[in-house]
There are 2 protein chains.
Amino acid sequence: MEDRLEALIARLREQDCRITPQRLALLEMLIESDEHPSAAELYERLRARFPTTSLATVYKTLNLLKALGEVTEISFSDGDTHYDAGNPTPHIHLICTQCHRISDVPFITAPNLTAELTAQTGYHITGHRFDFYGICPACQGK
Amino acid sequence: MEDRLEALIARLREQDCRITPQRLALLEMLIESDEHPSAAELYERLRARFPTTSLATVYKTLNLLKALGEVTEISFSDGDTHYDAGNPTPHIHLICTQCHRISDVPFITAPNLTAELTAQTGYHITGHRFDFYGICPACQGK
DNA sequence: TTATCTGCAAAATGTTTGCATGCAC
DNA sequence: GTGCATGCAAACATTTTGCAGATAA
């Protein structure tokens, strides 16, 4: 976790990007939160520490990280774009269609679909995304 | 294919929804096209037959179908929302990150991840979505 | 005939851009 | 000191809403 932060900082420096307090806070929030926050949520939290910060700054940093491949967008059927802190271990998203919570689940069966797909379609496959939709335990009671 | 159209029409009627010429055309376009069009693309094509139609009508119909669970949104990292005509056979999306084409691939290995996930997380799983990203054969030469 | 759908225009929402000032390096 | 980042406001793009007239049932 600490390592991930260090790695991100190094990655930014290597691109001649500056580590401002706002960016550092955003990086920490992205890494620590396992809830895949949206830009608006990140902005809300960031504003607790930097009352004058703006949504534009959040978007600019997110776009920067996206361009570096360090963050992934999860555009999610019901509204805003959420961000996945580039959790480097492969995982599945489990999305509650009621409370909109997104959880990560480590891969249970590592499918070697990739090789099969390449053989079958000729695509050069660079990434993938597995999402499951359902009702989380907490929402099932309601 | 014909059956699917019949089924959709029946479904709409059952909800006291009217089958207008515009809707019928939209349904046909959704079912026939395997390219997962966006609202704007659907509007463009619809306008060829109904020059005075509006984007609002397209959105209203898509939202109706979405609410009925007959159409799925694929919000796709680079721009608009695309629509999947609720192709009833399970399939994988293969998305070219260069030309943005989305292809359907039938499930090769039907993973029974669902049961495993339910056992492990307590979620009541209702759906899923597998997307692979890569470069399609046509774009690899460029 | 009646409730729904259409299509226009306006509004709401989410994201991006331009630019002057401020700050990391 | 230099150049990138911030933060404001304005611009943009996409989607939604309201409503009067049209139309499927």
Side-chain angles (χ1 to χ4, degrees), chain A residues 8-30 36-68 70-83 100, chain B residues 8-29 36-68 71-83 100:
Chain A
L8 279 181
I9 291 174
R11 192 78 207 290
L12 287 175
R13 280 202 209 286
E14 160 197 322
Q15 306 284 322
D16 287 322
C17 294
R18 291 171 187 176
I19 311 301
T20 63
Q22 291 91 329
R23 277 196 182 162
L24 189 58
L26 246 188
L27 293 182
E28 288 170 356
M29 283 161 57
L30 278 169
H36 308 283
S38 67
E41 287 162 352
L42 289 167
Y43 169 59
E44 228 18 81
R45 288 187 227 165
L46 191 60
R47 217 163 45 147
R49 282 172 59 184
F50 302 90
T52 66
T53 205
S54 74
L55 247 182
T57 299
V58 173
Y59 277 111
K60 280 168 187 165
T61 299
L62 287 172
N63 283 338
L64 173 62
L65 292 169
K66 192 170 53 170
L68 295 178
E70 298 292 347
V71 142
T72 306
E73 288 184 338
I74 314 175
S75 325
F76 154 38
S77 28
D78 215 59
D80 338 88
T81 304
H82 292 247
Y83 293 87
H100 294 167
Chain B
L8 279 181
I9 291 173
R11 192 78 207 289
L12 287 174
R13 279 203 209 284
E14 160 198 320
Q15 307 284 322
D16 289 320
C17 294
R18 289 169 188 177
I19 311 300
T20 63
Q22 293 92 326
R23 278 195 181 161
L24 189 57
L26 246 187
L27 292 181
E28 288 170 356
M29 286 162 53
H36 308 282
S38 66
E41 286 161 353
L42 289 167
Y43 169 59
E44 228 19 82
R45 288 187 227 166
L46 190 60
R47 217 163 45 146
R49 283 172 60 185
F50 302 89
T52 67
T53 204
S54 74
L55 249 181
T57 299
V58 174
Y59 277 111
K60 280 168 188 165
T61 300
L62 287 173
N63 283 338
L64 174 62
L65 292 169
K66 193 168 53 169
L68 294 179
V71 141
T72 305
E73 290 185 336
I74 316 176
S75 326
F76 151 40
S77 29
D78 217 59
D80 337 87
T81 303
H82 293 249
Y83 293 87
H100 295 166

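The chains referred to below are lettered A, B, ... by the order of the sequence lines, with proteins before strands, and numbering in each begins at 1.
- Side-chain proximity of B:I19 to the nucleotides C:dT6, D:dA25, D:dA5 is greatest for D:dA25.
- Between B:D16 and B:A56, the one whose closest nucleotide on DNA chain C sits nearer the 5' end is B:D16.
- Considering only side-chain N and O atoms, A:S54 lies nowhere under 4.0 angstrom from the phosphate OP1 or OP2 of D:dT6.
- B:E73 places its CD atom 12 Å from the C1' atom of D:dT14, with the value rounded to the nearest Å.
- Rounded to whole Å, the distance from CG on A:D80 to P on C:dT16 is 13 Å.
- B:L12 places its CG atom 11 Å from the P atom of D:dA25, with the value rounded to the nearest Å.
- Atom CZ of B:F50 is separated from atom P of C:dC8 by 14 Å (rounded to the nearest Å).
- Between C:dT15, C:dT6, C:dG7, one nucleotide has an atom nearer to the side chain of B:T53 than all others, and that is C:dG7.
- Side-chain atoms of B:K60 and B:N63 include no donor-acceptor pair closer than 3.5 Å.
- Set against C:dT17, C:dT15, D:dT16, the side chain of A:K60 has C:dT17 as its closest nucleotide.
- In this structure, CG of A:L64 is placed 16 Å from C1' of C:dT15, rounded to the nearest angstrom.
- Contact of the A:L12 side chain with the A:L64 side chain is registered, since non-hydrogen atoms from C-beta on lie closer than 4.5 Å.
- Side chains of B:L62 and B:T81 form no contact here, defined as non-hydrogen atoms less than 4.5 Å apart.
- Residues A:E73 and A:Y83 form a side-chain contact, since some pair of their non-hydrogen atoms from C-beta on lies under 4.5 Å apart.
- Residue B:L55 contributes atom CG, which lies 19 Å from atom P of C:dT13 at whole-angstrom precision.
- Taking atom CG of residue B:L26 and atom C1' of nucleotide C:dC5, one finds them 13 Å apart after rounding to whole Å.
- We find that OH of A:Y43 is positioned 16 Å from P of C:dT16, with the value rounded to whole Å.
- In terms of phosphate contacts, B:R23 brings no side-chain nitrogen or oxygen within less than 4.0 Å of OP1 or OP2 of C:dT4.
- Distances from the side chain of A:Q22 to the nucleotides D:dA5, D:dG7, C:dT16 place D:dG7 closest.
- In this model, the phosphate group of C:dT15 is not approached by any side-chain N or O of A:N63 to a distance below 4.0 Å at OP1 or OP2.
- Between the CG atom in B:L8 and the CG atom in B:L65 there is a gap of 6.5 Å [rounded to 0.5 Å].
- When heavy atoms are screened at a 4.0 angstrom cut-off, B:T20 is found touching the sugar-phosphate backbone but no base atom.
- Residue A:P21 is classed as a sugar-phosphate contact, given heavy-atom separations below 4.0 Å to backbone atoms only.
- Within the model, atoms CZ of A:R45 and OG1 of A:T53 stand 14.5 Å from one another, a figure rounded to the nearest 0.5 Å.
- One finds a side-chain N or O of A:Y59 lying less than 4.0 angstrom from the OP1 or OP2 phosphate oxygen of C:dT15.
- Residue contacts shown for A:R13 are limited to sugar-phosphate atoms, with no base heavy atom under 4.0 Å away.
- Considering only side-chain atoms of B:R18, the nucleotide from C:dT15, C:dT6, C:dT2 that sits closest is C:dT2.
- Here the nucleotide nearest the side chain of A:T81, chosen from C:dC25, C:dT15, D:dA25, is C:dT15.
- The phosphate of C:dC5 has neither OP1 nor OP2 within less than 4.0 Å of any side-chain N or O from B:T61.
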